[in-house]
Amino acid sequence: MYDVIVVGARCAGSPLAMLLARQGHRVLVVDRSTFPSDTISTHFIQQAGLSRLKSWGLLDRLIATGVPPIRRMNFAYTGIELSGFADPIDGLTEVYAPRRTVLDAILVDGAREAGAEVIEGFAVEELIHDDNGRVTGVRGKVVGEEQQKEFRSRFVVGADGRNSTVAELVKADFYDVVPAACFVYYSYFSGIEWEFHHQTDFNHQQIGAWPTHDGQMLCAVMRRKDRFREFRANAEENFHAIYDEIVPELGQDLRDNGKRDEQLRPMLYPDNYRRRSNGPGWALVGDAGYHKDPFTGLGITDALKYTEVLADKLHQGLAGERPIDDAVAEYVAHRDEDSRGSYALTTSISELELTPFFDSVFRATSRSEHFKSRFFTMLGGGIHGDEFFAPDQLEKLYDEVDFPADKRLLSPS
Ligand SMILES: Cc1cc2nc3c(=O)[nH]c(=O)nc-3n(C[C@H](O)[C@H](O)[C@H](O)COP(=O)(O)OP(=O)(O)OC[C@H]3O[C@@H](n4cnc5c(N)ncnc54)[C@H](O)[C@@H]3O)c2cc1C
């Protein structure tokens with residue numbers, strides 16, 4: 001009998017298992033993947049996520065893998081240029097975009113070293129319930145085998161991503177759903193050395209590029225979904241054409257010197273959502289319970305951040321300090337409240353078109369070095385969005401850059 005079974009062992013699952021095991025709880029974490037392995041994700045991590053790795057003693061291990069530092073961001077949106085970097089956040093003056101093969105393996109090792117039992121290549125198919133309907137374990141199979149196995153626990157957590165089996169089995173409803181705007185194509189290129197770029201033009205298309213392991217650049221293009229068919233008909237050429245259009249000098253360098261080392265990976269983004277994330281004996285964490293467009297690069301960071309909150313709440317329940325389901329309900333309330341602003345920002349700007357409010361704020365921000373740093377500090381998690389977008393702060397911003405009175409918008413509506 002385990003205290004907690006965690007389904008899924010990547011950004012949300014392995015840290016949860018590690019943190020609980022470090023508190024002395026008996027934890028099993030299973031994943032149908034084996035590690036190291038890749039997954040569809042472009043893996044830029046904000047300071048708030050890196051700071052969790054730091055506090056868990058895993059950041060030095062990640063840096064030792066040779067992941068290149070990013071110390072400047074070139075962010076542009078429909079002609080508004082915002083280049084710069086965040087103020088130090090938890091002492092962090094650089095960020096990283098590690099390959100998921102590397103990051104996820106470090107997280108799985110962390111769980112194992114903390115004393116959690118890890119079973120790789122095991123797919124959960126069913127949940128076990130007691131007579132009161134409380135979840136008390138899982139059934140599943142080692143991938144490729146016929147025989148089902150079952151494991152019992154006091155609590156089960158689905159950290160099993162967007163297509164969460166646990167969420168399906170408990171029939172967790174979706175809420176706050178916002179249809180996804182875009183599709184992405186991305187791959188890894190050698191032969192080019194660029195800074196971080198994240199640029200959106202007036203034609204609802206975007207490029208994202210950042211350095212990662214092995215001297216490679218991750219290069220991505222994003223476009224509205226209604227252009228997917230047309231794009232797919234000649235993906236390679238269209239990929240290059242978007243770089244040519246948005247940043248011609250990068251487009252030329254990519255054509256002349258870039259060598260694509262892996263296949264182009266396409267994805268029609270799934271809709272943005274939250275999902276009911278707690279119930280009797282179960283919880284959801286990471287993308288299983290809350291997913292949004294990768295535009296703001298918050299998926300991994302939020303998975304790391306909120307899994308720590310869940311670990312604390314589960315510990316309170318397992319240690320008998322309070323009823324476990326009540327404690328876990330607080331994790332969900334905290335996640336939804338804390339991420340309210342960043343979810344609204346993400347779902348708005350990932351439309352690849354700025355609302356009048358964001359247009360005014362970004363345009364004014366681009367004229368102030370101080371507010372540019374604050375903008376990146378907000379994205380990195382150093383200050384809350386509510387603080388950055390607070391009307392008194394926006395007044396200060398507009399005054400500092402002498403922004404036209406008729407363009408000074410102080411709230412989204
Ligand atoms: C194209 C794309 C680009 C992205 N770019 C970024 C970015 O730059 N920065 C960022 O922060 N985020 C990014 N994200 C988001 C990020 O990938 C996710 O937020 C993050 O992976 C969530 O972690 P997770 O642990 O919740 O889920 P996942 O990483 O999806 O892991 C879930 C795990 O559960 C396992 N699993 C699923 N079902 C079962 C089952 N039945 N039994 C056993 N195991 C199971 C899977 O094998 C998987 O290993 C991107 C996402 C996409 C799609």
Side-chain angles (χ1 to χ4, degrees), residues 5-17 28-50 52 70 95-101 103-105 107-108 111 118-127 138-143 151 156-169 180 182-187 196 198 208-210 212 218 220-222 265-270 272 275 277 284-307 310 339 342 346 350 379-381:
I5 294 173
V6 184
V7 184
R10 293 190 188 266
C11 308
S14 279
L16 179 66
L28 170 66
V29 54
V30 300
D31 200 302
R32 67 172 156 222
S33 300
T34 56
F35 297 93
S37 61
D38 212 348
T39 183
I40 294 281
S41 171
T42 61
H43 51 81
F44 171 79
I45 312 181
Q46 304 282 4
Q47 284 96 325
L50 295 168
R52 296 304 82 223
I70 297 167
V95 291
Y96 312 95
R99 288 296 296 252
R100 292 292 296 264
T101 42
L103 172 70
D104 296 0
L107 299 175
V108 174
V118 182
I119 306 182
E120 300 180 30
F122 184 89
V124 167
E125 297 170 325
E126 293 170 18
L127 297 175
V138 301
R139 286 195 196 91
K141 287 186 195 135
V142 172
V143 175
F151 299 100
V156 172
V157 177
D160 45 351
R162 285 185 314 279
N163 300 313
S164 168
T165 304
V166 175
E168 277 288 306
L169 291 170
C182 292
F183 68 86
V184 64
Y185 270 75
Y186 74 94
S187 191
F196 173 103
H198 200 282
W210 39 90
T212 185
L218 180 151
V221 302
M222 279 67 70
R265 299 167 197 212
M267 184 185 212
L268 280 161
Y269 284 148
N272 306 277
R275 225 181 228 163
S277 297
L284 303 175
V285 70
D287 272 17
Y290 170 43
H291 157 79
K292 61 273 171 198
D293 190 290
F295 192 108
T296 40
L298 282 169
I300 297 168
T301 293
D302 282 351
L304 300 174
K305 251 171 67 175
Y306 298 130
T307 216
L310 177 59
S339 62
S342 59
T346 302
S350 60
L379 285 183

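In listed order, ligands and their atoms are each counted from 1.
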Identify the protein heavy atom lying closest to [atom], giving its residue, its atom name and the separation to 0.1 Å.
atom: atom 11 (O) of ligand 1; answer: I300 N, 2.7 Å
atom: atom 33 (C) of ligand 1; answer: D31 OD2, 3.4 Å
atom: atom 23 (O) of ligand 1; answer: C11 CB, 3.6 Å
atom: atom 20 (C) of ligand 1; answer: R100 NH1, 3.9 Å
atom: atom 51 (C) of ligand 1; answer: P294 CG, 3.9 Å

Hey, looking at [atom], which of [options] has the closest heavy atom?
atom: atom 13 (C) of ligand 1; options: S41, P270, G8; value: S41
atom: atom 3 (C) of ligand 1; options: V108, D293, T42, L103; value: T42
atom: atom 10 (C) of ligand 1; options: Y269, Y186, F44; value: F44

What atoms of ligand 1 come closer than 4.0 angstrom to any heavy atom of [X]?
X: R10; answer: 25 (O), 29 (O), 31 (O), 48 (C), 49 (O)
X: G161; answer: 27 (O), 30 (O), 32 (C)
X: F122; answer: 42 (N), 43 (C)
X: G286; answer: 26 (O)
X: A123; answer: 42 (N), 43 (C)
X: L298; answer: 11 (O)

Quiz item: Is a side-chain donor or acceptor of H198 paired with a backbone partner of F295 at a separation under 3.5 angstrom?
Solution: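 The answer is yes, because a donor-acceptor pair under 3.5 Å joins these two groups.
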
Exercise. Determine whether the side chains of R265 and S41 contain a donor N or O and an acceptor N or O closer than 3.5 Å.
Key: no

Exercise. May I ask you to check whether V124 has an N/O atom sitting below 3.5 Å from an N/O atom of ligand 1?
Key: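 Such a contact does occur with ligand 1.
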
Between [X] and ligand 1, which part of the residue brings a heavy atom under 4.0 Å of the ligand: side chain, backbone, both or neither?
X: M267; answer: side chain
X: A159; answer: backbone
X: A12; answer: both
X: D160; answer: both

